Every structure is written in structure tokens, then in C-alpha cells.
Amino acid sequence: MLRVPDAKIALSTASVYPESTATAFELAARLGYDGVEVMVWTDPVSQDIEALRRLSDHHGVPVLAVHAPCLVITQRVWGTDPWDKLVRARVAAERLGASTVVVHPPFRWQRSYARSFVQGLGRMAEETDVMFAVENMFPFRYRDKELAAYAPDWDPTDEDFRHFTLDLSHTATSRVDALAMAAKMGRRLGHIHLADGSGSIKDEHLIPGRGTQPCAELLEGLARQSFAGTVVLEVNTHRATGRAEREADLAEALAFTRLHLAAPAEVT
């Protein structure tokens, strides 16, 4: 017998780039994903709560998480104040019925935000049932040099955050042990960005199983622990030659996840 946890498997809307947010809902429905994580970015639909609600209702695909606009390319999405962005992400999650807001550590040049980030996020978490899950990032590398771009650090696990997002493409890029990081996060591990990587300096977001990360082992461990969070396929399909290849990649990613998000049940 197998133990299959209550965890949901979602498709990140970023996984269909360069296609649209709307396409992600369509493919999630067609392929049998349990929901989507909305990456709030330059696509206007990703920023519009009512448009997202209509897509969710039309396709019968719930929004399970909202990824706040934390990327370099989204510095002006939802304004320029990083705290306002988190408030808007929380409101979006609440109105869409999502359980989680994914947030990155601040960039080092966001000095004021970085100084108050740990305490401020803690206060925000007390005001809502939505989980703010801080994501592990990676150092930027060029040849033999390493640039620390995030503050307090690209690895958030030494800070007193309530919840974490573990991203396996980022563990590959930062060249850390993904299973050790998951163990360090412990019960605060609430959200997964599942992808693979080869250890390149580039953040690859490969289809799980195509790199060196312990994607299968992590999923099997989550099953043994009865993980009840969300596993989000945040993969890179921008090199797909067309819709058919992109759809095949996303179907493969989902099949891999469903296969390994199970563990032998204990016999009593």
C-alpha cells in the first residue's frame, strides 16, 4: 500500500512563458493539475484579481498560491514599494482563495526594506490566514566571483520566518544539498517549487528528472511526512518549439510528481 499525502500539485503560470497567464489556466485544466500558482509579473492579467477569478471559474482551476512580484523585471509591477506589493499579494490571495503568498528575500539595494523584512513579514503574517512562504534563492556568480544579491541572505533558513518555499532549481544553482535544506526548514517547509537543475550558474528550472537534484527523493520524503502544502511545477519551457512540445513537457512534469509523491504505508 502507498501513502499519498493531501498535498496539491499546481502549475506556475511562469511555466508557460512566453505564452500567457490565461494559457497556464487552460493547460492546467487540460493536463489535470490541481490548481495554479499565479506569478504576478508584466502580463496584465496576472495583476488583475477579477480577470484571474474569471479564468479560474471558466476552467475550474483554483488559484492555490500567489507569487508576489519580487523579480528584477517586476520592480514596477504593483508600484515600487515592496511592502505595498506584499499587501496586494495578500489581498489577491485572500480574494482568490489561495493559501500561500511566495516572497523572495529583499535585494541588497532595498536597504530599508531589508532591514525590517524579518520583523515586518512576521507582523504581516499575524494579520491573515494566508501563509507567507519565503523562498531560498542563490548567489550570482561570474567566473570565480560570487555576488551576494539578497539580504539578509539568499538562504533564508537562519532567520525566524514562519514558513518557507523550497525551490530545487535554486538549490542546484546555489550548489547546496536540497534534502539538507528541507530538513533544516523542518515543519516550516510549507511550499515547494519543483524543478531540476544541473548545478549551472544559470537558474535552469528543468523538468524534474532531467537534472541532478533529488526531486524524487524529496517528494517521497514529503509523502512519508504527510505533507499537506502545495507542490508547484515552476519549470522553464520557453525553448519548446510550440504548444505541443510545451504541453508534453508539462504533462511529463506532472506525471513525475504524481509518481513520486507517494511512499509505502507503514504496516501495523
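Note: hydrogens, waters and symmetry copies are ignored here, and every other heavy atom, side chains too, is used. Computed from a predicted model, the values in this text were never measured in an experiment.
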Do [X] and [Y] have side-chain heavy atoms sitting under 4.5 Å apart?
| X | Y | value |
| --- | --- | --- |
| Val118 | Pro152 | yes |
| Leu189 | Leu222 | yes |
| Phe25 | Ser56 | yes |
| Arg243 | Thr23 | yes |
| Glu26 | Val61 | no |

Any donor-acceptor N/O pair, [X] side chain to [Y] backbone, under 3.5 Å:
| X | Y | result |
| --- | --- | --- |
| His170 | Asn136 | yes |
| Ser46 | Trp41 | yes |
| Thr157 | Met185 | no |
| Arg141 | Thr173 | yes |
| Gln110 | Phe107 | yes |
| Thr230 | Val232 | no |
| Thr100 | Val130 | no |
| Thr171 | Leu168 | yes |
| Thr42 | Ile73 | no |
| Asp34 | Ile9 | yes |

> Is it true that atom OH of Tyr113 has more than 12 heavy atoms of other residues, nucleotides or ligands lying nearer than 6.0 Å?
Replying inline: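 Yes, enclosed.
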> Is the number of heavy atoms from other residues, nucleotides or ligands within 6.0 Å of NZ (Lys8) greater than 12?
Replying inline: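 Not more than 12 within 6.0 Å, no.
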[X] and [Y]: same hydrophobic cluster, using ILVMFWY side-chain contacts below 4.5 Å?
| X | Y | answer |
| --- | --- | --- |
| Leu64 | Val102 | no |
| Met39 | Phe132 | no |
| Leu206 | Met137 | no |
| Met131 | Val91 | no |
| Phe256 | Ile192 | yes |

[X] [atom1] to [Y] [atom2] distance, which is reported to the nearest 0.5 Å:
| X | Y | atom1 | atom2 | result |
| --- | --- | --- | --- | --- |
| Ser12 | Asn236 | OG | CG | 11.0 Å |
| Glu37 | Thr165 | CD | OG1 | 7.0 Å |
| Leu179 | Gln213 | CG | CD | 8.5 Å |
| Lys85 | Trp78 | NZ | CH2 | 9.0 Å |
| Lys184 | Asp155 | NZ | CG | 5.5 Å |

>> Please determine whether side chain to side chain donor-acceptor pair (under 3.5 Å) holds for the pair Glu94 and Thr128, giving the CA-CA distance in whole Å, both sets of side-chain angles, and the decisive distance to 0.1 Å.
In response: CA-CA 9 Å; Glu94 290 171 341; Thr128 180; 2.7 Å; yes
> Is there any salt bridge (Lys or Arg N to Asp or Glu O under 4.0 Å) pair reaching into residues 106-115, and which pairs are they, with sequence neighbours excluded?
Replying inline: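 Those involving residues 106-115 do not exist here.
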> Without hydrogens or angle criteria, can the side chains of Glu234 and Ser169 be said to hold a donor-acceptor pair below 3.5 Å?
Replying inline: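 Judged by distance alone, the side chains do not pair up.
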> Any chance the side chains of Thr237 and Asp249 put a donor and an acceptor closer than 3.5 Å?
Replying inline: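 No, no side-chain donor-acceptor contact under 3.5 Å.
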> For Arg162, what residues pass the salt bridge (charged side-chain N to carboxylate O under 4.0 Å, His left out) criterion, not counting sequence neighbours?
Replying inline: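 Partners of Arg162 under the salt bridge (charged side-chain N to carboxylate O under 4.0 Å, His left out) test: Glu126.
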Of all the heavy-atom pairs spanning [X] and [Y], show the shortest one and how long it is.
| X | Y | result |
| --- | --- | --- |
| Arg210 | Asp196 | N-OD2, 3.4 Å |
| Leu250 | Tyr33 | O-OH, 2.7 Å |
| Val66 | Val40 | CG1-CG2, 3.8 Å |
| Arg95 | Ile49 | NH1-CD1, 3.9 Å |
| Pro208 | Leu233 | CG-CD1, 3.7 Å |
| Val101 | Ala89 | CG2-O, 3.6 Å |

>> So if I apply the side-chain contact (heavy atoms from CB on, under 4.5 Å) rule between Leu52 and each of Val36, Val38, Asp57, Thr13, which one comes out positive?
In response: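 Result: among Val36, Val38, Asp57, Thr13, Val38 is the only option passing the side-chain contact (heavy atoms from CB on, under 4.5 Å) with Leu52.
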> Going through the checks in order, is the side chain to side chain contact (heavy atoms under 4.5 Å, CB included) test met by Leu219 and Leu194?
Replying inline: CA-CA 9 Å; Leu219 292 171; Leu194 190 66; 3.8 Å; yes
> For Glu245, what residues pass the side-chain hydrogen bond (donor to acceptor under 3.5 Å, both in side chains) criterion, not counting sequence neighbours?
Replying inline: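 Thr241.
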> When the ring planes of His193 and His191 are compared, do they come out parallel, tilted or perpendicular, using 30° and 60° as the limits?
Replying inline: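 The rings of His193 and His191 stand perpendicular, inter-plane angle above 60°.
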> Taking NZ, NE, NH1 and NH2 as the nitrogens, is one of them in Arg175 or Glu146 under 4.0 Å from a carboxylate oxygen of the other?
Replying inline: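 Not counted as a salt bridge, because no side-chain N and carboxylate O are separated by less than 4.0 Å.
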